[in-house]
Amino acid sequence: MNLQARLAALEQRIEAACRGTGRRRDEVTLVAVTKTHPSEQVRLAHALGLRHFGENYTQELSQKAATLADVRPISWHFIGHLQRNKARHVVGRCALIHSVDSLALLTRIDQLAAPLGIVQDVMLQLSLAGETSKSGATPEELEALLAHARPLAHVRCVGLMTMPPLSASPDQATSIFAELRALRDAARANAPDLSFLSMGMSHDLELAIAQGATHIRVGSALFGDRRS
Ligand SMILES: *Cc1c(COP(=O)(O)O)cnc(C)c1O
């Protein structure tokens with residue numbers, strides 16, 4: 001299958017999932033995850049109408065954004081683990097950073113966004129499977145993250161992101177997605193900007209849409225298997 005056929009098949013899955021749960025298609029943003037795939041794939045996908053692209057590595061993002069400077073309009077999303085000392089490659093370049101999980105990173109993003117005169121939109125990544133993972137804050141840390149961000153003038157928390165373990169069963173994934181939604185709903189009282197839910201990938205996007213995903217991050221269903 002070529003990219004056009006894969007995109008058509010993916011669109012059918014997204015539309016069916018929206019229809020099946022009474023949601024409108026335009027409530028769900030498709031973020032095409034292009035990590036490890038060449039810039040030419042981004043160009044092709046853009047020509048087919050995609051506008052949101054997700055990258056995991058700062059260096060790859062910088063290279064692609066430079067190579068594709070003529071491709072407009074385009075929104076880059078950073079979805080990988082972000083180290084503080086790499087944040088400068090991402091702030092101002094990405095419409096949305098999905099993977100913020102520490103107070104120090106929030107501070108760093110605010111410091112970098114200030115001289116650019118921008119407000120950087122971010123999502124807070126939560127680890128909900130109870131396992132120790134290297135990225136993602138715990139639900140107990142969420143309130144502190146939101147409180148820390150509140151006085152920062154150049155960073156805005158607009159949603160929550162999670163990624164179930166690859167080994168999660170469909171039922172486990174569903175309960176993780178439901179928990180993310182419940183955490184957002186509860187936190188919204190004090191954080192009215194917290195509207196988005198970034199959850200769902202190639203294999204579980206239907207489950208995520210059913211639980212209220214506003215952003216699904218899809219790689220292999222569009223671009224095939226990754227080499228790394
Ligand atoms: C790679 C990646 C995706 C896309 O995964 P697929 O299974 O290829 O759709 C989504 N989210 C994150 C954080 C990723 O690293």
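Starting from 1, each residue takes its place in the sequence as its number. Counting starts at 1 for both ligands and their atoms, following the listed order.
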Q. Can you find a pair of side-chain heavy atoms, one from Leu82 and one from Val90, that are under 4.5 Å apart?
A. yes
Q | Donor-acceptor contact present, side-chain Asp110 to main-chain His154, <3.5 Å | A |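 It does hold such a pair.
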Q. Got a donor-acceptor contact below 3.5 angstrom from the Arg51 side chain to the Ile74 backbone?
A.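 Between the backbone of Ile74 and the side chain of Arg51 there is no qualifying donor-acceptor contact (under 3.5 Å).
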Q.
I need the atoms of ligand 1 closer than 4.0 Å to a non-hydrogen atom of Met163, numbered in the order shown.
A. 12 (C), 13 (C)
Q: Taking only heavy atoms of Arg217 into account, list the atoms of ligand 1 that are under 4.0 Å away from them.
A: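 Per the distance check, 4 (C), 9 (O), 10 (C), 11 (N), 12 (C), 13 (C).
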**Q.** Thr34 versus Glu55, side-chain donor and acceptor atoms under 3.5 Å
**A.** yes
Q. Between the side chains of His98 and Ser198, does any donor sit under 3.5 Å from an acceptor?
A. yes
Give me the residue, atom name and distance of the protein heavy atom closest to [atom].
atom	result
atom 5 (O) of ligand 1	Met201 CE, 3.3 Å
atom 12 (C) of ligand 1	Ile79 CD1, 3.5 Å
atom 6 (P) of ligand 1	Ser202 OG, 3.5 Å

**Q.** Geometric N/O contact Asn56 with ligand 1, under 3.5 angstrom
**A.**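 Yes, Asn56 has an N/O under 3.5 Å of an N/O on ligand 1.
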(Q) For ligand 1 and Val218, I'd like to know whether there is a polar contact (N/O to N/O, distance under 3.5 Å). (A) no
(Q) Heavy-atom pairs closer than 4.0 Å: do any link ligand 1 to the side chain of Lys35, the backbone, both, or neither? (A) side chain
Q. Taking atom CZ of Arg150 as the centre, does the number of heavy atoms from other residues, nucleotides or ligands within less than 6.0 Å exceed 12?
A. yes
